[in-house]
Trainee: 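Here it is, the structure, as structure tokens.
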Amino acid sequence: MCKKTPDDAFLLSKVVAVHDPAWPSRSVLRGIYVKPVVWQYPRDACCLQHPRLTVTCTASVAELANASSMSASGPTPSRSSVAAADASVTLQPMEAAPVPRMQRTFSLSATPELQRALDRLLAGIIRGAAIGLTLRGGLHLVGSLLAALSKGKRRSVTAVGALEDTLRYTAFLGALAGIYIGVDEGIAATVGKERSAKWRSLVAGMCAGPSLLLTGRKNRHYSLATYILLRGVTLLMRTGNKERVRQRHPWLYAVLAPTRFAHGDTALMCAACSQIIYAFIMMPQTLPASYVRFIRKQGAKELYVWQGIRELAERTAAGRPLSPLNSLIGTPHAHSKGAVPCHFFHPGQSCVEHPLKLFLPAYQRALSVYLPVYVLPALLVHRKQILKQPLPILQKLLLGIARSSLFLSSFICVAFGGACAGHNITGQSTGTIIAASTWVGGLSTLLEKKSRRMELALYVTSRALESFSRCLMDWGWVSPRRVPPRMDIMLFAAGCGAIVHCYSGYNGLHRDVFKSKYLNVLDFVFGNTGMRG
């Protein structure tokens, strides 16, 4: 007679009472499995693997009862004897090892569990690499197509450079996913899933941060690292603002009160815009070269215009008398020497007329920016819905592109109008006036969808913080020697740790702080929490 156990082994109904030397005070029942051999206790019904002995025995249930009573009250039987008269027992010693007191709940020693972990690791690497290939390669492809459609325009990146950049980002995202999953599974197998639930994902995310080096050892990614860190901090603040935290930690909930301001995203955007436009005009070396090119393209002004505004502001701040600007030599405005730059910033137009006429061309340029921004993620996140019901997804895409393009074009117009207003109100132009008057461009964020405002604010803030930190070094307020050589890696690792901690920490307790579209991407790459209940 036999019956199946949960692990498909067979438990024989023939059992024998054998005294366990690890617990001299009690007699235990030994259940015999084909695999594995286990201990079984009559009172608490606890099972435990025996690492030292392979037991073969025959005894009836009645004999077992007699043996149990005898061993409990009589002398301790030896390892090779049985308490029942008709029982036949053979004990084969194995390698000496301490008898464990409880069975592990999670171990990679089991082949199915190891296979699951390896499958998750391989799937994460492939999916992460696929996302890197799609996003980076798609951006380069769209840029090439737009350059081909524009007459006489050449891309700053060659085909070989674009291919190399795409492969680097493919390797980066594949390694990021692989390292995170590998460390996550390794800690869970070594320490235990439940014991490490509070900190395992944080450590795994920080260990995956150095994968950013695969994008190029000489490349610095302070904007990306700062953005990821800000994303992580934002998710942590959302976690701190939950009702659960208010009940358990009211002081933390009170500290985070400013983060619950309804238009905090717009206020953050305004502050970031002030720094960005100031840096673009006065200290463009503090911004990434690609970002400077982007602003110049959207602003649609000649380079000498920005150089002239900077020279005029520097002369005014230094108290030098008005004179023709060196930056305007060889241009139609070479003899201009006004106190404000409006006469060469928008010649032939008033300060009110200029932003109005600028809107339509700016909107057309913005469309080329947001087309790939919306289309590429949609192919990743809503790939199944696109195949089943393409029309609703297409309508959302068109509406999103139109709305975001309205935001960007309005931002350009409002910021330019604010700069002219500041110059005319004060009657002069300085870097301080530029920073204090162009923040109004951030108000255009109100035109965006509420769910996207914080995304925009965090992106621009990451650029602003990078620029401001470099400004501090250029001003001599911070010594460059005190900055670690790869600070971007440290920031990126901290941001990754914070993000995946909110994603998978405490067994996914705070996953609700993510938007569904981001949660879908993380689940797609990381395989949900990576654990099965």
Side-chain angles (χ1 to χ4, degrees), residues 134-136 138-151 153 155 223 227 263 265-266 268-270 272-273 276-277 280 287-288 290-301 346 349 352-382 386 390-419 438-464 515 517-518:
T134 302
L135 290 179
R136 202 65 179 182
L139 288 176
H140 284 299
L141 180 61
V142 171
S144 300
L145 293 176
L146 294 176
L149 295 176
S150 302
K151 297 180 179 180
K153 181 180 178 180
R155 292 199 69 199
S223 297
Y227 174 75
H263 296 291
D265 45 14
T266 303
L268 183 63
M269 184 70 167
C270 290
C273 290
I276 289 293
I277 299 179
F280 170 73
L287 292 171
S290 59
Y291 199 52
V292 172
R293 291 194 298 268
F294 171 77
I295 298 176
R296 284 187 55 191
K297 178 181 177 181
Q298 299 304 314
K301 300 291 183 182
H346 48 83
Q349 296 177 343
V352 176
E353 183 183 7
H354 173 235
L356 295 178
K357 290 188 175 181
L358 185 65
F359 175 77
L360 185 58
Y363 189 84
Q364 294 174 346
R365 291 188 296 269
L367 287 174
S368 63
V369 173
Y370 283 103
L371 183 63
V373 169
Y374 274 85
V375 172
L376 293 179
L379 295 177
L380 292 174
V381 179
H382 303 293
I386 290 176
L391 187 58
I393 299 297
L394 182 60
Q395 291 176 347
K396 291 182 179 180
L397 282 177
L398 295 178
L399 180 60
I401 293 172
R403 191 169 187 173
S404 295
S405 299
L406 177 63
F407 148 74
L408 182 56
S409 55
S410 300
F411 172 83
I412 297 295
C413 297
V414 175
F416 283 5
T438 55
W439 63 268
V440 295
L443 296 176
S444 59
T445 310
L446 296 172
L447 298 175
E448 262 289 8
K449 188 178 179 180
K450 177 62 178 177
S451 59
R452 279 188 50 83
R453 293 176 190 173
M454 183 56 73
E455 307 293 333
L456 289 169
L458 291 177
Y459 175 78
V460 178
T461 301
S462 65
R463 301 285 189 176
K515 295 180 180 178
K517 58 182 179 181
Y518 295 115

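The first residue of the sequence shown is numbered 1, and numbering continues consecutively from there.
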Trainee: Using 30° and 60° as the class boundaries, would you call the ring planes of H354 and F416 parallel, tilted or perpendicular?
Mentor: parallel
Trainee: To the nearest 0.5 Å, what is the distance between CZ on R293 and CG on L287?
Mentor: 12.0 Å
Trainee: Quick check: are there more than 12 heavy atoms from other residues, nucleotides or ligands sitting under 6.0 Å from NZ of K396?
Mentor: no
Trainee: Test of understanding: with salt bridge (Lys or Arg N to Asp or Glu O under 4.0 Å), list the residues that count as partners of K449, not counting sequence neighbours.
Mentor: none
Trainee: Would you check if C270 and L443 make a side-chain contact, meaning some heavy-atom pair closer than 4.5 Å?
Mentor: yes
Trainee: If you define the side chain from C-beta out and look only at heavy atoms, does anything of V369 sit under 4.5 Å from F294?
Mentor: yes
Trainee: The criterion is ring pair (Phe, Tyr, Trp, His ring centres under 6.0 Å); which residues satisfy it with Y370, sequence neighbours excluded?
Mentor: none
Trainee: Which is it for F407 and S444 under the side chain to side chain contact (heavy atoms under 4.5 Å, CB included) test, yes or no, and what are the steps along the way?
Mentor: CA-CA 6 Å; F407 148 74; S444 59; 3.6 Å; yes
Trainee: Report yes if the side chains of I412 and L358 come closer than 4.5 Å at any heavy-atom pair, otherwise no.
Mentor: yes
Trainee: Identify which one of T438, I295, T461 satisfies the side chain to side chain contact (heavy atoms under 4.5 Å, CB included) criterion when paired with I276.
Mentor: I295
Trainee: Quick check: closest heavy atoms across L268 and A457, and the distance to 0.1 Å?
Mentor: CD2-CB, 4.0 Å
Trainee: Quick check on K357: does its NZ atom have over 12 non-hydrogen neighbours (other residues, nucleotides or ligands) under 6.0 Å away?
Mentor: no
Trainee: Grab the two heavy atoms, one from F359 and one from L406, that are nearest each other, plus how far apart they are.
Mentor: CZ-CD1, 3.6 Å
Trainee: Are R463 and P288 side-chain neighbours, meaning at least one heavy-atom pair lies under 4.5 Å?
Mentor: yes
Trainee: Search all heavy atoms of A366 against all heavy atoms of Q298 and return the closest pair with its distance.
Mentor: N-OE1, 4.0 Å
Trainee: Going by distance alone, is a donor N or O of one side chain under 3.5 Å from an acceptor N or O of the other, for Y291 and S223?
Mentor: no
Trainee: For R452 and E448, work out which heavy atoms get closest and say how close.
Mentor: NE-OE2, 3.4 Å
Trainee: Counting C-beta onward and ignoring hydrogens, is there a side-chain heavy-atom pair between E455 and K515 closer than 4.5 Å?
Mentor: yes
Trainee: I need the R403 CZ to L398 CG distance, nearest 0.5 Å.
Mentor: 14.5 Å
Trainee: Where do M269 and L456 come nearest, in terms of heavy atoms and distance?
Mentor: SD-O, 3.9 Å
Trainee: At what distance, to the nearest 0.5 angstrom, does CD1 of I401 lie from CG of L367?
Mentor: 8.0 Å
Trainee: Might you point out which heavy atoms bring A402 and Y363 nearest each other, and give the distance in Å?
Mentor: O-OH, 3.2 Å
Trainee: With a 4.5 Å limit on heavy-atom distance, are the side chains of L408 and R365 in contact?
Mentor: no
Trainee: Compare all side-chain heavy atoms of R453 with those of H263 and state whether any distance is below 4.5 angstrom.
Mentor: yes
Trainee: So do P355 and V414 actually touch side chain to side chain, heavy atoms under 4.5 Å?
Mentor: no
